[in-house]
Amino acid sequence: MSQFNVNEHPHKRLNILTNSWILVSPHRAKRPWLGQTSKVNAEPGPSFDKNCYLCPTNARINGEKNPNYDSIYIFNNDFPAVLESQPKNGPSDLDLLVDTSDVDPDLFQIKSVRGKCQVICYSPNHSVTMADMQQDQIETVVRAWIKIYANLSPPQSLIDSSAIGYIQIFENKGAEMGCSNPHPHGQVWALELVSQQVSREIQEFKKFEKAKCKCLLCTYLKTELSTSKTTEMHRIVYENENFVVLVPFWAVWPFETMILPKHHMSSLFDLVSTNQNQKSLVAGQTYDTIDDFLNKQPNTLVADFANSLKVLTSKYDKLFGCSFPYSMAQRDLTPEQAAQRLRDL
Ligand SMILES: [Zn+2]
Ligand SMILES: [Zn+2]
C-alpha cells in the first residue's frame with residue numbers, strides 16, 4: 001500500500017479554537033460537479049426596489065420610514081431574535097411543554113435570553129455587494145461595526161439591569177444562506193450570555209496562554225506565514241501589511257477562510273487604537289462621540305481590514321462565477337487546495 005497522503009486520504013484535523021476534531025475527505029473532490037453554475041456580472045440589478053424595506057425612503061413593516069441615507073444606515077431590527085425586556089422564566093414555565101408532575105428536571109431545561117438586535121445597511125444601492133463596493137465604502141462599514149461594538153459594550157450598555165456579555169456582528173449573504181433580503185446588510189446580536197462556541201474558544205485561548213505564555217492565534221498565524229515561505233502547499237490566500245486571509249488548517253466548510261491581524265488584537269477596539277488609554281475611552285461611547293474620534297484617526301488598520309474583505313469577497317465571486325453566498329456545504333478539498341484555488345484568482 002502507498003504512503004499516507006493528506007491530499008488523497010481521509011483524515012481528521014484538530015480545530016485548536018474548540019479542541020474538537022473535524023473530518024477531511026479529499027478523495028471526494030474527484031467526483032463530477034453537477035451543481036448549479038452561473039455567470040458573474042450578468043446584468044447589474046436595480047439600485048432601488050420600491051418593495052425593499054431596507055432601501056432609502058421606503059417604509060418598514062412597523063410603518064417607520066427609512067431616511068434618505070447616502071452611506072450606511074443602522075436601525076433596531078423590527079423582527080429581533082431576542083428582546084431587550086421580558087420576564088425571567090421560572091420552573092412552572094415548563095408546565096406548558098411537558099407534564100412536570102413526574103419529570104427529571106435535568107432532561108427539560110430552559111433559560112431566558114435577552115439582548116438587542118440591530119441591522120446595518122452597507123449602502124443605499126439595493127444591488128451592490130461587498131465585492132462591488134469601493135474600499136472606502138467598506139471602511140465606512142468597518143467603522144460602523146466599531147461604533148456599534150463600542151456603543152453596546154459595558155459599562156454603558158445594559159439590558160434591563162444585566163450587562164451585555166457578547167456582541168456578535170455578522171452577515172448572511174444570499175438566499176441560499178436563508179437571507180431574506182438581497183439589499184446589502186449585516187446584523188448585530190448583542191446578548192446577555194456568551195455563546196457556547198465562543199466560550200469554548202475563550203477557554204482554549206486561556207489554556208494555551210497558561211501553558212505556553214503565548215497567544216494561540218498569533219502563534220498559529222506565525223507558523224502559517226513561515227510555512228508559506230517554505231512550501232507551495234500552504235493555506236495563505238492573501239495578505240497586506242496588517243492582515244492575512246487564510247483557510248484555517250481545521251476548516252470545516254469548503255473555502256472557509258479567516259481574516260487574521262498580523263499583530264495581536266483582542267477586539268474591534270484594537271482597530272481604532274493599540275493605545276490602552278485610548279481604548280478605554282472608546283468603550284461605552286455613544287455613536288456621536290466615537291464618530292468624532294474615529295474620523296480624526298488616519299487608520300491603516302481599518303483600511304487594510306476593509307481591503308482584505310474586498311479582495312476575499314471578490315475572489316469568492318470569481319471562483320464560483322456568481323455573487324457568492326456565504327454558505328455552508330460539505331467539505332471536499334483540503335485547506336491547502338482551497339487556499340491555492342483562491343490565491344490563483
Ligand atoms: Zn433595497
Ligand atoms: Zn494574538
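Counting starts at 1 for both ligands and their atoms, in listed order. Values in this document were obtained by computation on a predicted structure and should not be read as measured data.
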Salt bridge between Lys262 and Glu239, side-chain N to carboxylate O under 4.0 Å?
yes
What is the name of the N/O/S atom in His183 that sits closest to the Zn ion (ligand 1)?
ND1
Looking at the Zn ion (ligand 1), is there an N, O or S atom belonging to Cys52 that lies under 2.8 Å away from it?
yes
Does NZ or CZ of Arg343 come closer than 6.0 Å to the centre of the six-membered ring of Tyr238, within 45° of the ring's axis?
no
In plain terms, say whether Glu209 and Lys206 are close enough for a salt bridge, that is, a side-chain N and a carboxylate O under 4.0 Å apart.
no
Is NZ or CZ of Arg235 both nearer than 6.0 Å to the six-membered ring centre of Phe249 and within 45° of the ring axis?
no
Just give me the atom name: the N, O or S atom of His126 closest to the Zn ion (ligand 1).
ND1
Rounded to 10°, how many degrees is the angle SG/Cys215-the Zn ion (ligand 2)-ND1/His264?
110°
